[in-house]
Amino acid sequence: MSATPARRILAVVTLLALLVLSACTAGPALHVRRVATHQPAPSASPAAPSTSPSPTTKPAPGSLDWYVSQVPTFPEAPPPQPVPLPVTGAAQFWQRLPTDQRVAFITIDDGGLARPPEVADFIWRAHIPVTMFLNSPAAEEHDVYFRQIMVAGGVVENHTITHTSLAGRSYDRQRHEICGAADKLEALFGKRPTLFRPPFGEHDATTLRAAHDCGAKAVFHWTETVHEGKVRYQTPEKVVQPGDVLLMHFRPALMDDLLAALKAIHRAGLTPALLEDYVR
């Protein structure tokens, strides 16, 4: 065999080897590009890292997250059974709502002294049913604050204009205090109050008649007070009973008061409920 044909054969063999090698290396690259075309395009900027605490991080005591973490788990509330109201010319007076259902009621009075800023968020996140008995001037001055609690599930009711004791006053004076506040609260919040709490709990037969004439179906006292995180019982039983009404005020320690009330209700095997679901 001459040198020239041998070189030609060697060149052909070399070319074939190169083609085979090129095919083997090109295949995976084309495959990778094909897969990539079906993947979503990356965002213009990476997502910001989450600022939520990790499951092992405990919330700081006194923070909103801490208060929420301290709320006990309640039994499911029963379907409310409204309490019958007598047909008379006076509003019904109750210290404890007459119900056998295993529920208790949280109420907050006044509104002019202090309004802790996280209360609405706490009520919303912890699903706390609350009734607010407001003095109408405080309601007018701080209406945005109370609207936030309404959005969270709270209901506004009547606590007079000037927070004066009504017992022994004339019908006209008592009617002025009750109807005047009801008119203002209705104008502010779009719903006329149907429940009334007399200041200091002091009332007489005239109070019940004036309250009725101003649109109230019932007048409420209370069975427990809560102040600075401590529950004080006003009845011989030192435990929350079905139908009990817990009273607290818009004061600096309201977050602690709400939490203390929830824990007391839970210890009694009850569930917090809304007064307005039972008095219609």
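Just so it is clear, the model here is predicted, and its values are computed rather than measured.
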Colleague: For the pair Lys230 and Asp257, find out whether any cationic side-chain nitrogen is under 4.0 Å from an anionic carboxylate oxygen.
Modeller: no

Colleague: Please tell me whether Leu270 and Val239 are part of a single hydrophobic cluster in this structure, the criterion being side-chain heavy atoms less than 4.5 Å apart.
Modeller: no

Colleague: Without hydrogens or angle criteria, can the side chains of Glu177 and Thr162 be said to hold a donor-acceptor pair below 3.5 Å?
Modeller: yes

Colleague: So, does Lys184 use its side chain to make a donor-acceptor pair with the main chain of Glu140 at under 3.5 Å?
Modeller: no

Colleague: Just verifying a value: how many Å separate Leu247 CG and Arg232 CZ, rounded to the nearest 0.5 Å?
Modeller: 11.5 Å

Colleague: Assess, by modelled atom type and distance only, whether the side chains of Gln174 and Thr207 contain a donor and an acceptor separated by less than 3.5 Å.
Modeller: yes

Colleague: Could you work out, with salt bridge (charged side-chain N to carboxylate O under 4.0 Å, His left out) as the rule, every residue matching Asp110, not counting sequence neighbours?
Modeller: none

Colleague: Measure up the His221 and Phe93 rings against each other and bin them: parallel (under 30°), tilted (30 to 60°), perpendicular (over 60°).
Modeller: perpendicular

Colleague: Using a strict threshold of under 4.0 Å (side-chain N to carboxylate O), is an ion pair present between Asp183 and Arg192?
Modeller: yes

Colleague: What do you reckon, are the aromatic ring centroids of Phe250 and Phe146 less than 6.0 Å apart?
Modeller: yes

Colleague: Mind checking whether Phe105 and Tyr278 have parallel, tilted or perpendicular rings, split at 30° and 60°?
Modeller: perpendicular

Colleague: Could you grab the distance from atom CZ of Phe122 to atom CG of Leu64, nearest 0.5 Å is fine?
Modeller: 7.5 Å

Colleague: Could you tell me if the side chain of Glu228 sits less than 4.5 Å from the side chain of Arg251, heavy atoms only?
Modeller: no

Colleague: Does the ring center of His159 lie less than 6.0 Å from the ring center of Phe196?
Modeller: no

Colleague: Quick check for you: to the nearest 0.5 Å, what is the distance between Asp256 atom CG and Met248 atom CE?
Modeller: 11.0 Å

Colleague: So, applying side chain to side chain donor-acceptor pair (under 3.5 Å) with Arg197, which one of Asn158, Thr160, Thr107, Thr131 is it?
Modeller: Thr107

Colleague: Verify the cluster assignment for Ile265 and Phe220: are they in a single hydrophobic cluster under the rule of side-chain heavy atoms below 4.5 Å apart?
Modeller: no

Colleague: Please confirm whether the backbone N or O of Thr225 pairs with a side-chain atom of His227, one donor and one acceptor, at under 3.5 Å?
Modeller: no

Colleague: How far does CD1 of Ile178 sit from OG of Ser136, to the nearest 0.5 angstrom?
Modeller: 12.0 Å

Colleague: Could you tell me which residues satisfy salt bridge (charged side-chain N to carboxylate O under 4.0 Å, His left out) with Arg267, sequence neighbours excluded, listed by chain and number?
Modeller: none

Colleague: What's the separation between atom SG in Cys214 and atom CD in Glu186, rounded to the nearest 0.5 Å?
Modeller: 11.5 Å

Colleague: May I have all residue pairs that pass salt bridge (charged side-chain N to carboxylate O under 4.0 Å, His left out) and include part of residues 75-92, sequence neighbours excluded?
Modeller: none

Colleague: Just by distance, do the side chain of Tyr145 and the backbone of Ala120 share a donor-acceptor pair under 3.5 Å?
Modeller: no

Colleague: Can you list the residues that meet the side chain to side chain donor-acceptor pair (under 3.5 Å) rule with Thr206, with sequence neighbours excluded?
Modeller: none

Colleague: Contact between Val155 and Met132 at the side-chain level, heavy atoms closer than 4.5 Å - yes or no?
Modeller: no

Colleague: Taking CD in Glu202 as the centre, count heavy atoms belonging to other residues, nucleotides or ligands within less than 6.0 Å. Is the count above 12?
Modeller: yes

Colleague: Which residues satisfy the salt bridge (charged side-chain N to carboxylate O under 4.0 Å, His left out) test with Asp143, sequence neighbours excluded?
Modeller: Arg147

Colleague: Apply salt bridge (charged side-chain N to carboxylate O under 4.0 Å, His left out) to Lys238 and Glu224, showing your working.
Modeller: CA-CA 9 Å; Lys238 299 302 180 183; Glu224 290 85 22; over 6 Å; no

Colleague: Using 0.5 Å steps for rounding, measure from the CD atom of Gln241 to the OG1 atom of Thr99.
Modeller: 12.5 Å

Colleague: Give a yes or no on whether the backbone of Gly111 and the side-chain of Arg115 come within a donor-acceptor separation of less than 3.5 Å.
Modeller: yes

Colleague: Following the transitive rule for hydrophobic clusters with a side-chain heavy-atom cut-off under 4.5 Å over Ile, Leu, Val, Met, Phe, Trp and Tyr, establish whether Phe133 and Ile123 coincide in one cluster.
Modeller: no

Colleague: Which pairs, with at least one residue in residues 152-172 and sequence neighbours excluded, count as a salt bridge (charged side-chain N to carboxylate O under 4.0 Å, His left out)?
Modeller: Glu157-Lys191

Colleague: Do the side chains of Leu166 and His203 get nearer than 4.5 Å, heavy atoms only?
Modeller: no

Colleague: Does Val71 belong to the same Ile/Leu/Val/Met/Phe/Trp/Tyr cluster as Val240, with side-chain heavy atoms less than 4.5 Å apart forming each link?
Modeller: yes

Colleague: Using the rule that Ile, Leu, Val, Met, Phe, Trp and Tyr join whenever any side-chain heavy atoms are under 4.5 Å apart, tell me whether Phe74 and Leu275 fall into a single cluster.
Modeller: no

Colleague: Checking side chain to side chain contact (heavy atoms under 4.5 Å, CB included) for the pair Leu262/Ile106: CA distance, chi angles, key distance, verdict?
Modeller: CA-CA 9 Å; Leu262 291 171; Ile106 295 175; 3.9 Å; yes

Colleague: Looking at Gln95 and Trp222, would you say the former's side chain and the latter's main chain have a donor-acceptor pair under 3.5 Å?
Modeller: yes

Colleague: Between Gln101 and Pro79, is there a donor-acceptor pair closer than 3.5 Å when you use the side chain of the first and the backbone of the second?
Modeller: yes

Colleague: Can any side-chain N or O of His266 pair as donor or acceptor with the backbone N or O of Thr73 at less than 3.5 Å?
Modeller: yes

